[in-house]
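Quick note: numbers below take in every heavy atom, side chains included, and nothing from hydrogens, waters or symmetry partners.
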Amino acid sequence: MTWVPVALLAVPALGALVLLAPAAARPRARARLLRGYGLAVSGLTLALAVALAVAFDYGDAGRPQFSTDLSWIPGLDLRFHLGVDGISLPLVVLTALLTFLCFVYLTGHATTRPRALVFTVLVLEVGMIGTFLALDLLLFFVFFEVVLIPMYFVIAVWGGAGRRAAAVKFILYTLLGSVVLLLGLLLIWANTGTLDMVALARAHGDGMSRSVQILAFVAVGVGLAVKTPMWPLHTWLPDAHTEAPTVGSVLLAGVLLKMGTYGFARIAIPVLPEGAAAVAPWLGAFAVVGIIYGALACLAQRDLKRLIAYSSVGHMGFVLLGFATLTPVGINAALFGNVAHGLITGLLFFLAGAVKERYGTADMPALGGGMLARMPRMGSLLTFACVASLGLPGLAGFWGEMLALFGAFQPAAGLSRPLYLTFMAVGGVGTVLTAAYFLVMLSRVTHGSPRPAALPTPIADVRGYELAAWVPLVVLILLFGLWPKALLAITTPAVHTLLGMP
Amino acid sequence: MIQSIDYVAIAPLLILAATAALVLLLDAFLPPTSRPAPTATRPDPVPTRPDPASGARPAPAATTRLESAVGARRESAAGSRPESAAGGRSEAAATTRPASVSGGRGGAVGGAADETGGGAEGGGRGRGVLGLVTLAGVLGALAAVVFQAATGAGRRTFCVPSGLVSGEPPCSFVADPFALVIAGLVLVAAVVVVLLSMTELAEGRIPVGEWYFLTLCALVGAVALPASRDLVMLVVALELVSLPVFALTALKRYDGRASEAALKLFLVSVVSTAVMLFGVSLLYGLTGTVYLDRLTVNGAPAPVMAVAVMLVLAGFGFKVAAVPFHSWAADVYEGAPVPVAALLSVISKAAGFAGLILLLVVALGEQSALWSTPVAVLAALTMTAGNLLALRQRHAVRLLAWSSVAQSGYILAPLGIGGATLGGAADASVAYLVFYAAMNLGAFAVVMLVSRRSERNELDDYRGLAFRNPAAAVALGFCLVCLAGLPPGLAGLFAKVVVFRELVDGGGLALAVVMAVNTVIGLYYYVAWTARLFTPAPRESEATPAPAESAARLAPNVTQAADVAPGVTEGAGVAPGVVERTGLAERATEGAGVAPGVAEGAGVASGVTEGAGVAAGDGGALGVGAEVGVESGGRSGRLVPVVVAIGLAVLVAVAFSVFPQLVFDLLAGGLSASG
């Protein structure tokens with residue numbers, strides 16, 4: 001089974017390469033063919049990811065499984081080292097799932113330049129899955145970078161009116177982050193002489209002095225925080241999300257942001273424990289500021305997509321707060337929140353895209369309310385997603401936030417408890433604000449009576465292909481909400497391993 | 001005492017020099033070809049925009065030759081024709097010397113090949129042999145380098161006879177792995193430059209023999225330089241690289257920009273040589289030896305030593321266009337023909353860096369405390385200034401010029417660390433240089449291709465290239481992304497990683513941060529350019545001169561524009577357009593007498609020589625071949641070398657992306673101190 005991680009990368013990569021060959025079909029037939037093709041390739045990838053999840057040894061989730069370890073560039077110490085453990089497995093499956101659902105969504109959707117879009121999304125998938133599979137610092141970095149150019153083009157080619165500026169902002173910001181990240185990784189390498197994440201995590205910072213660890217943590221942390229994004233490094237995100245096409249927004253929020261938080265769990269915390277302990281209070285402080293800031297910003301938004309984008313800042317604040325506690329509970333919460341946010345915000349962006357497509361705008365006052373009356377199913381789904389996002393118990397969004405706050409209640413030894421209690425209190429206010437803006441949004445969009453002026457033509461409710469793309473997300477949100485142990489059982493052993501606990 | 005000379009060690013030099021001589025001979029004795037010019041004066045396929053610099057310029061008299069010995073040959077080679085504006089015919093007719101009246105510069109087939117005998121014909125056919133001879137010479141030299149590498153590097157010659165010195169005798173010429181890597185880089189780059197030259201010369205505005213002779217001379221210098229292990233040889237080799245280049249720049253005679261560029265380059269070159277010679281003489285005076293390894297031993301820290309080192313550094317700073325000696329770069333690159341710009345930015349730069357590394361690391365390694373800080377500051381300034389200046393450029397070559405200044409900064413950076421890791425720093429610099437050469441040449445080759453189509457060569461001319469010529473757009477996009485250092489351009493990424501690693505490892509964290517910020521600035525313009533390639537061009541009508549022509553041009557575009565993936569060639573989409581124009585193309589190619597039948601890219605070459613199958617759509621050539629046909633039926637033959645050059649450069653860049661270890665393996669031997 002060790003071939004599965006490699007196949008997970010090879011299938012989309014080869015799928016993209018095949019698209020480079022000239023095709024002779026007529027445009028219309030080809031568009032249909034392309035959609036089927038994208039669906040098939042991403043479906044195969046998803047099947048592989050599911051097979052990986054099935055074959056995964058859950059009794060030993062703390063150890064990387066299905067490892068492939070080949071020498072690629074000895075001159076740089078770079079090994080092609082892949083593997084999957086309890087931290088990465090959920091994210092790999094999530095990525096494969098969301099990409100597949102994006103293609104499902106695209107089947108009913110005519111876009112310009114379909115071949116390019118399929119090509120780009122498949123390359124994006126390679127980068128995303130590779131990031132979660134890589135067990136070599138430089139390999140991680142390479143995959144981390146692979147997503148930049150495709151995402152740039154997704155935004156810049158298929159985006160909205162202000163796409164050019166948004167795309168440039170996205171790529172410059174994230175590249176700045178990744179270069180700093182690279183410096184941090186190289187600093188680790190220079191001091192330990194290895195790039196192997198497994199060995200580094202096992203060493204728990206041996207061989208690096210405290211000051212080096214702090215420096216490296218700050219560098220790596222800033223690099224990852226741009227991607228996450230952490231306040232105040234988030235400013236690329238609202239524009240990118242707003243201008244990106246639906247597929248782009250879904251993958252951006254659903255997967256790309258997770259690459260940042262995953263880096264914290266995979267590299268920053270286990271490899272640099274002393275650095276983490278020193279910087280964690282700062283991380284926690286930025287996290288709660290992000291929670292409050294995101295919520296307040298959301299309250300001020302008119303644009304539906306922008307609102308969801310800012311809500312991501314808040315949710316990622318909870319995830320970072322979880323990491324900042326440096327306890328198993330907190331980190332579990334962060335990993336759970338990661339997956340939950342991927343599912344919920346993915347769904348929200350799908351819905352926002354569908355709304356924008358139907359109304360021609362995502363401006364909330366222009367939408368005019370009454371969606372539940374005009375499109376009952378769409379309105380219900382939007383309500384469901386919002387309620388899940390605001391953290392209603394019984395849905396996936398709840399556990400991440402609750403456990404993060406719970407982790408802050410009892411932070412790791414050596415961290416100031418009063419400080420974290422403050423964080424917890426502020427975060428608690430954040431949950432209230434989160435509920436507030438989502439409910440305000442719902443009251444403006446779904447409730448009320450439809451304004452006649454805003455009714456040009458009868459609007460189609462949820463279509464079949466849309467339902468097909470969204471139902472899996474709804475089911476998973478319910479599943480993880482009602483049975484959080486399904487996910488926590490996988491992540492807990494891995495979290496214990498990375499914190500060096502028995 | 002008679003020395004024995006190891007002829008294998010200097011074989012690459014001998015081959016290049018012999019080729020240079022052969023080129024001169026052939027140029028003198030080849031009969032001038034005077035085939036009748038084809039009468040086909042079809043509408044200009046190039047949307048020529050008015051060229052402010054041209055128009056009323058008088059046509060020149062018979063071109064003067066560089067070497068008087070060969071002067072007799074070309075009574076008929078009068079044809080430097082005026083660069084005419086869009087409706088150039090009347091204007092050209094109005095010029096004072098109607099000897100070379102041509103119908104618009106794009107009717108290239110007829111173009112220069114008018115009744116006076118046809119410089120273009122000379123370039124296109126008779127003199128085309130010279131290009132092939134040069135190419136063969138370069139490949140021969142490359143083979144010799146490969147042979148040396150295979151049979152064990154480290155051959156040395158021109159040594160001091162062993163009786164005269166105690167210990168190991170110093171040698172002037174050492175073909176160690178460092179020298180072989182640089183020589184190999186220079187020669188592979190030379191293949192690309194020669195291929196580009198073939199297209200450039202096909203226009204007939206430049207005397208062919210001189211061009212190739214001078215190119216080969218510069219190559220002799222560039223190959224000799226990394227192997228030099230004494231100051232005199234180093235300086236002579238460096239001059240041998242520099243001097244022919246400004247003659248090459250000036251060869252596009254009666255072109256104001258080229259002359260200006262040549263003059264600037266000349267002045268800079270002379271000044272820098274003078275400064276460097278001053279430094280070198282001080283070094284010699286201080287140590288009493290010219291051999292680099294002896295300099296290490298004899299070198300004593302003294303204030304004068306610092307002055308000497310600074311002067312040498314400044315001299316090389318000019319050569320590699322480091323700040324504050326960078327200001328000549330953009331003007332010279334822009335004014336010079338594109339192949340010369342490529343040569344300057346890769347071969348000349350590689351030679352400059354080789355010399356700098358030899359001097360700093362081999363000769364002055366012990367004094368690294370003296371020069372490491374200035375080099376670090378120089379590197380930081382160079383990358384920052386280069387990137388900031390590149391941000392504002394609208395001209396493709398100027399942008400590449402400034403970006404290559406910035407890249408100089410990256411190459412320089414590892415040397416700024418100094419200290420114990422000098423050998424590693426030199427390796428990092430050379431590794432970056434090798435990666436950089438591949439990607440920069442790819443970019444220049446595509447720029448060359450586009451410059452055939454749009455004379456101005458501004459960034460806006462690249463809009464929608466992906467629709468007109470998907471393969472070229474992908475090639476250029478790939479090279480630019482490589483230069484920016486992002487996947488899928490892994491070559492550039494790994495190059496940057498190598499340098500970053502050296503900086504972090506050596507404790508140059510501040511310099512690393514400066515470089516990090518610069519990487520982001522650089523990304524902005526590279527990505528902006530890449531994005532232009534894939535955004536649809538504004539409506540064609542805006543720039544098209546003749547309606548009939550525009551219809552013809554649009555036909556293929558429309559079939560393609562339907563929906564092209566970025567970077568995906570649309571074989572079938574292009575085909576109709578090509579077929580429809582085959583007639584024209586046939587006529588034109590047959591007239592032009594194409595066919596420097598460059599072997600590689602067989603699909604393209606054979607297609608073109610047959611005249612009918614210009615399409616070359618059979619996969620392998622990925623659209624570029626098709627472009628050749630579509631863009632300019634008649635000039636297709638001339639573009640074949642460029643297409644091959646693009647293919648070669650991109651192939652190398654891709655190989656470096658997938659197997660960067662290749663470069664590190666090449667460097668494995670590292671820098672041997674000397675002889």
Side-chain angles (χ1 to χ4, degrees), chain A residues 19-27 30-31 34 71-78 111-120 123 127 138 141-150 152-153 156-157 164 167-168 171-173 175-176 178-180 182-191 215 219, chain B residues 427 431 466 470 474 477 481 484-490 493-494 496-498 500-501 503-507 509 512-513 515-521 523-524 527-528 530-531 534-535 562-575 617 619 622-623 659-661 663-665 667-668:
Chain A
L19 283 175
L20 285 176
R26 308 204 131 272
R30 197 175 52 206
L34 277 169
S71 175
W72 183 13
I73 311 173
L76 285 177
D77 261 357
L78 174 52
T111 54
T112 52
R113 301 162 84 175
R115 172 149 72 166
L117 185 60
V118 174
F119 178 84
T120 318
V123 176
L138 262 186
F141 179 76
V142 168
F143 282 120
F144 199 79
E145 298 280 87
V146 166
V147 299
L148 287 186
I149 296 277
Y152 172 84
F153 275 108
V157 175
R164 194 65 46 76
V168 168
I171 199 164
L172 290 186
Y173 249 98
L175 184 76
L176 184 60
S178 19
V179 184
V180 179
L182 175 64
L183 291 184
L185 299 181
L186 289 175
L187 197 59
I188 297 174
W189 171 84
N191 282 280
L215 193 58
Chain B
D427 280 351
V474 171
V481 169
L486 275 186
L490 289 174
L493 179 71
F494 290 130
K496 291 227 162 62
V497 169
V498 171
F500 273 127
R501 197 177 69 150
L503 292 181
V504 172
D505 207 18
L509 214 53
V513 171
M515 182 167 159
V517 173
N518 269 292
T519 306
V520 178
I521 303 176
L523 176 78
Y524 177 77
V527 160
T530 312
F534 296 105
T535 41
D563 80 82
V564 190
V568 180
T569 151
E570 204 80 18
V574 182
L622 278 170
F659 307 110
Q661 186 57 31
V663 176
F664 303 118
D665 285 343
L667 292 173

Inset, instruction - Output the option from B/Ile521, B/Leu490, B/Asp505 having the highest count of non-hydrogen pairs under 4.5 Å with chain A. - result: B/Asp505

Legend entry - Residue among A/Asn191, A/Leu215, A/Ile171 with most heavy-atom pairs under 4.5 Å to chain B: A/Ile171

Legend entry - Heavy-atom pair with the smallest gap, counting every atom of B/Pro660 and A/Trp72: CD-NE1, 4.2 Å

Inset, instruction - Measure B/Val481 against the heavy atoms of chain A and call it side chain, backbone, both or neither at under 4.5 Å. - result: side chain

Legend entry - Structural part of A/Phe141 lying under 4.5 Å from a heavy atom of chain B: side chain

Inset, instruction - Supply the atom-to-atom distance B/Phe500 CZ to A/Leu182 CG, rounded to the nearest 0.5 angstrom. - result: 6.0 Å

Inset, instruction - With a 4.5 Å cut-off on heavy-atom pairs, point out which of A/Leu76, A/Val147, A/Val118, A/Leu187 contacts chain B the most. - result: A/Leu76

Inset, instruction - Flag the one option from A/Leu78, A/Val180, A/Leu172 with the top tally of heavy-atom pairs under 4.5 Å to chain B. - result: A/Leu172

Legend entry - Side chain proximity check, A/Tyr152 to B/Thr530, heavy atoms < 4.5 angstrom: no

Legend entry - Heavy-atom pairs under 4.5 Å with chain B, option from A/Ser71, A/Pro74, A/Ala156 with the top count: A/Pro74

Legend entry - Close side-chain approach of A/Phe143 to B/Pro487, heavy-atom, < 4.5 Å: no

Inset, instruction - Please test B/Tyr524 against A/Leu175 for side-chain contact (heavy atoms from CB on, under 4.5 Å), starting from the C-alpha separation and ending with a verdict. - result: CA-CA 10 Å; B/Tyr524 177 77; A/Leu175 184 76; over 6 Å; no

Inset, instruction - Measure distances from A/Trp189 to the heavy atoms of chain B and classify the residue's part below 4.5 Å as side chain, backbone, both or neither. - result: side chain

Inset, instruction - Could you tell me whether the side chain of A/Val179 reaches within less than 4.5 Å of the side chain of B/Lys496, counting heavy atoms only? - result: no

Legend entry - B/Leu509 side, atom CG; A/Leu186 side, atom CG - distance, nearest 0.5 Å: 10.0 Å

Legend entry - chain B interface, residue from A/Leu185, A/Val146, A/Val123 that has the most non-hydrogen pairs under 4.5 Å: A/Val146

Inset, instruction - Show your working on side-chain contact (heavy atoms from CB on, under 4.5 Å) between B/Phe494 and A/Ile73 and close with a plain yes or no. - result: CA-CA 10 Å; B/Phe494 290 130; A/Ile73 311 173; 3.6 Å; yes

Legend entry - A/Asp77 versus B/Arg501, closest heavy-atom pair with distance: N-NH1, 4.5 Å

Inset, instruction - With a 4.5 Å cut-off on heavy-atom pairs, point out which of B/Val513, B/Val517, B/Val497 contacts chain A the most. - result: B/Val497

Legend entry - Distance, nearest 0.5 Å, that separates CG of A/Leu183 from CG of B/Leu503: 8.5 Å

Inset, instruction - Name the option with the most non-hydrogen atom pairs under 4.5 Å to chain B; the candidates are A/Leu138, A/Val168, A/Val142, A/Leu148. - result: A/Val142

